[in-house]
Structure formats: C-alpha cells, structure tokens
Amino acid sequence: MLLNKVLRAGERAGRIVEVEAYAGASDPASHAFRGPTPRNATMFGPAGHLYVYFTYGMHHCANVVCGAPGTAEAVLLRALHPIDGLDEMHLARPAAVRAIDLCSGPAKLCEALGIDRSSDGLDLCGPGGPVRLLDDGTPPPDEPLVSTRVGIRVATERPWRFAVPGDPHVSRGRPS
DNA sequence: CTTTGGATCGTCT
DNA sequence: GACGATCCAAAGG
C-alpha cells in the first residue's frame, strides 16, 4: 500500500494521496498489455523501481513497479500532498498558483519534482538515490476512497483507483 | 461553475 | 500515420 508513503526528490517531497493500479498482461489499460517494448522495459524489471513515461507530447507520469519481475505490475502516482521544498516546486511549475495545484495530477507531480524520462528505472528504495520512497510512520488510511480509473478508454470499469479520503490535494477526476 | 479545444511528439502499428 | 494512464486557458451558463 503506497498511500501515505512519502516520495522525495532532493529538497522536494510529498505524501502520496492518490494512486491507480495497472496489472500488466491481464490489464488492457496497461502499457505492458501488449508485451515488453523499449519504453516499458522498466515495468518488467524488479519491484521498487520507478517507471516514467512521456505522453501527449508534453507530459511525464511516474509509476512504482510492484510485482515480481516479469509481471509488469505497477502503480501510477496520481497526486501528492506537498510537504517539503514548496519553493522549488513552484519554480518548476509556474502555472500552479495555489499549493493545491502543485501536485494534484500525475503529470503535475512529475513536473513539480523534476521527474522525467531520465529518471526512468531508478531504484526508489536504495539509500542515497536521487528519488526515494520513504515511510515516515504514517499508516495508510483504514478505508481508502475507491473508484474507477481516470483517462483510459478500456477496462474503465475496474475500481482500481485509491485515494486518501478528504485530502484536498487529490486530482480533478473526483472519486465518486 | 462547466465545457471545449489546442498544444505537441515519442511510440507502436 | 494515429493516438495517448494530461493540463490549461478560454469561452459559455
């Protein structure tokens, strides 16, 4: 469970408040559904690594690889609650006026934290890495908000989106 | 407040 | 050659 874990990149850090699950070969909405390619190679590697992809000609999105090597299971990070390095985040995202706009979307959080395709494949658990996943002791919510995934056109019925209830930094496509 | 359309290019068919 | 796990500004109620 990644909810309420902390993602840190240098001075910048945020608590994960919204995620979506993607289940490799058994999930038509997953980038890995049609097998390995140069782009999604990281997903087929070991868990705990960062899968970053480029889309819409201008945006990056970040996933945490989860399953055993070869299964290509991953979790898309959809929103963070900023907790450190707010000034740097604002510099990286001039479009965000309010703090609430800094990380309330998968492409927004990548821009705010300076994550792009060059960060693809990083080990999030290794100490001293440029991008890391930390546990500060905050437990995941007892009853996460569950809803359907956003922005996909297939397998839209799968309720694989999870969020921290009541957190204002959750992205636009509101859970029902 | 909600809806609409433009931006922009790597990747796979 | 078509399209996408998106975002934002502008226009319309």
For this session: Give A:Phe54 one of three labels, base, sugar-phosphate or nothing, depending on what nucleic acid heavy atoms sit under 4.0 Å from its own.
Result: sugar-phosphate
For this session: Could you check which of B:dT11, C:dC7, C:dC8 has an atom nearest any side-chain atom of A:Pro106?
Result: C:dC7
For this session: Counting heavy atoms from C-beta on, name the nucleotide in C:dA5, C:dT6, B:dA7 closest to the side chain of A:Ala107.
Result: C:dT6
For this session: Compute the ring centroids of A:Phe54 and A:His59, then answer whether they are less than 6.0 Å apart.
Result: no
Exercise. Taking only N and O in the side chain of A:His31, is any of them less than 4.0 Å away from OP1 or OP2 of C:dA5?
Worked result: yes
For this session: Round to the nearest Å and state the distance from A:Arg153 atom CZ to C:dT6 atom P.
Result: 12 Å
Seminar exercise, completed: Testing B:dT11, C:dT6, B:dC12 for proximity to the side chain of A:Pro38, the answer is B:dC12
Exercise. For the side chain of A:Tyr56, counting heavy atoms from C-beta on, which of C:dC7, C:dA5, C:dT6 is nearest?
Worked result: C:dT6
Exercise. Taking side chain as C-beta onward, heavy atoms only, is A:Leu7 less than 4.5 Å from A:Val131?
Worked result: yes
For this session: Check whether the side chain of A:Tyr53 and the base of C:dA5 form a donor-acceptor pair under 3.5 Å.
Result: yes
Exercise. A:Ile152 near the nucleic acid: base, sugar-phosphate alone, or nothing, with a heavy-atom cut-off under 4.0 Å?
Worked result: sugar-phosphate
For this session: Return yes when atom CD of A:Glu143 has more than 12 non-hydrogen atoms of other residues, nucleotides or ligands closer than 6.0 Å, and no otherwise.
Result: no
Exercise. What is the distance, rounded to the nearest whole Å, between atom CZ of A:Phe33 and atom C1' of C:dC3?
Worked result: 17 Å
Problem set entry | Protein-nucleotide distance (A:Met58, atom CE; B:dA7, atom C1'), rounded to Å | 4 Å
Exercise. Which whole-number value in Å describes the distance from A:Ile115 CD1 to C:dA5 P?
Worked result: 19 Å
Seminar exercise, completed: Between CZ of A:Arg93 and P of C:dT6 the distance, given in whole Å, is 14 Å
For this session: Could you tell me which nucleotide pairs with C:dC7 by Watson-Crick or G-U wobble geometry, both distances under 3.5 Å, or answer none if nothing does?
Result: B:dG6
Seminar exercise, completed: note: A:Asp116, atom CG; B:dG10, atom P; distance rounded to Å ~ 13 Å
For this session: Considering just the side-chain nitrogens and oxygens of A:Arg117, establish if one lies under 4.0 Å of OP1 or OP2 belonging to B:dT11.
Result: yes
Exercise. Which sits closer to the 5' end of DNA chain C, A:Ala74 or A:Glu111, going by the nucleotide each is nearest to?
Worked result: A:Ala74
Problem set entry | Whether A:His81 and A:His169 hold their rings parallel, tilted or perpendicular, with breakpoints at 30° and 60° | tilted
Exercise. Over how many whole Å does the gap from A:Arg98 atom CZ to C:dC8 atom P extend?
Worked result: 11 Å
For this session: Round to a whole Å and report the spacing from CZ of A:Arg158 to P of C:dA5.
Result: 15 Å
Exercise. If only side-chain N and O atoms of A:Arg78 are considered, is one of them under 4.0 Å from the OP1 or OP2 phosphate oxygen of C:dT6?
Worked result: yes
Problem set entry | Cation over ring face, A:Arg78 and A:Phe162, 6.0 Å, 45° | no
Problem set entry | Whether over 12 other heavy atoms sit under 6.0 Å from A:Arg34 CZ | no
Exercise. What nucleotide among C:dT6, B:dC12, C:dC8 has an atom nearest to a side-chain atom of A:Arg172?
Worked result: C:dC8
Seminar exercise, completed: A:Asn63 has its side chain closest, among C:dA5, C:dC7, B:dC12, to C:dA5
